[in-house]
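Accompanying notes for the structure given below.
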Amino acid sequence: MNSEQEKDRTPRRSVVDQYTRQAGKYARSSVHSDARNLADLVQFASLPAGVSVLDVATGTGFTAFAFAEAGHSVMGLDLTSAMLLQARKLAGERGLESIRFVLGRAEVLPFAESSLDAVTCRLSPHHFSDVPRFLAEVRRVLKKGGAVIITDTASPDDSPHMSEWFNRVEVIRDPSHNLNYSPVQWREIAEGAGLQVMNVDYSQRLSHSFSKWVETSGTPQERLEELRNGFTRAPDDVKSFFAIEEQGEEINFAWPVVRMKAVKP
Amino acid sequence: MPISKELLEILACPKCKGDLVYDEKKDTLTCHACKLVYLIKDDIPVMLIDEAIPLERYEKGDA
């Protein structure tokens with residue numbers, strides 16, 4: 001078996017384990033279900049009415065719900081069945097039974113060539129083992145003129161020590177974290193996959209409180225002190241960039257988020 | 001619940017990206033090119049190459 005085939009056949013165990021364990025927490029995550037943030041994303045996507053949308057790494061489905069509520073015909077794909085079962089339950093509670101769910105990998109999409117009008121992917125590419133391959137797959141499944149809308153936590157451009165700090169605390173919190181790419185890196189990967197980048201925005205922030213953040217991920221007790229120290233002992237420029245503020249026992253901070261829209265030419 | 005027509009039209013084998021044959025009775029999706037059977041569990045197609053069952057083994061009934 002060559003290495004490409006090997007990659008096809010090796011689901012990321014750490015991701016599946018993490019999200020099987022934490023599916024219930026993600027279903028109740030205010031960060032992931034934030035209505036204004038999702039409405040902003042639907043607006044940013046500005047898709048034509050009633051198109052087919054595949055939400056990759058849909059998790060418990062909040063992005064899929066937002067696009068379905070906006071009148072699109074939505075499918076949700078995820079690597080973890082526990083997350084999809086939560087997603088379907090939540091979809092039923094919202095009267096969105098028309099959303100279809102599929103178990104599969106972002107890098108090995110089980111869809112025919114030129115079969116979809118749009119692909120969305122929110123707050124999950126930082127877990128993917130091969131983002132260039134994911135975007136190559138997205139290009140394959142999109143119809144000509146179809147759009148992909150990505151949004152994810154993102155490192156700043158040209159600041160290796162900020163990126164290093166950002167990814168280090170993310171991995172301590174959740175070992176299935178892979179990498180927060182920067183806006184320039186996203187543009188380069190998309191263009192490398194043969195997509196035409198329409199818009200890259202790096203103005204949004206996702207506010208977190210430390211206690212909720214580690215509760216959602218289920219970070220074990222023995223790693224919490226190291227993680228907390230990562231924040232409290234961070235260099236001043238890191239604290240300023242990520243808006244890290246201690247309030248008694250709590251630490252508040254804000255993750256920068258990239259949003260990118262690209263089309264298949 | 002059978003899987004929807006819209007979904008069936010666009011689902012493809014994750015390995016060869018080719019067509020799949022849906023068996024409503026058995027609730028499976030088969031790729032005859034790769035000789036792999038993809039199961040549908042809880043109405044959710046499991047489109048992972050690793051979890052697909054080789055067609056020959058499936059037909060023998062020992063899957």
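Letters go in sequence order (proteins before strands), and every chain restarts at 1.
Surrounding CD of A:E93 are more than 12 heavy atoms belonging to other residues, nucleotides or ligands, all under 6.0 Å away. Annotation: A:N199, atom CG; neighbour count of heavy atoms from other residues, nucleotides and ligands within 6.0 Å is above 12. Annotation: A:K143, atom NZ; neighbour count of heavy atoms from other residues, nucleotides and ligands within 6.0 Å is above 12.
At a 4.5 Å heavy-atom cutoff, the contact between A:E137 and chain B is made by side-chain atoms alone. The contact between A:L116 and chain B is made entirely by side chain atoms (from C-beta outward), counting heavy-atom distances below 4.5 Å.
Between the side chain of B:K17 and the main chain of A:L109, a donor-acceptor pair closer than 3.5 Å is present. Between the side chain of A:R88 and the backbone N or O of B:I44, no donor-acceptor pair lies under 3.5 Å.
B:I10 contributes atom CD1, which lies 7.0 Å from atom CG of A:L54 (distance to the nearest 0.5 angstrom). Taken from CD in B:E51 to CG in A:L103, the straight-line distance is 6.5 Å, to the nearest 0.5 Å.
Sorted by first then second residue, the side-chain hydrogen bond (donor to acceptor under 3.5 Å, both in side chains) pairs that include residues 46-61 of chain A, not counting sequence neighbours, are A:S46-A:K261, A:S52-A:D117, A:D55-A:T58, A:D55-A:T120.
Tested against A:V102, the residues B:I3, B:V46, B:L11 include a single side chain to side chain contact (heavy atoms under 4.5 Å, CB included) partner, B:L11.
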Starting from the C-alpha separation in whole Å, work towards a yes-or-no answer on side-chain contact (heavy atoms from CB on, under 4.5 Å) for B:M47 and A:L77. CA-CA 10 Å; B:M47 306 310 292; A:L77 179 104; 5.8 Å; no

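At a threshold of 4.5 Å between non-hydrogen side-chain atoms, the residues A:V108 and B:L48 do not count as touching.
Partners of A:F101 under the ring pair (Phe, Tyr, Trp, His ring centres under 6.0 Å) rule, at least two apart in sequence or in another chain, do not exist in this structure.
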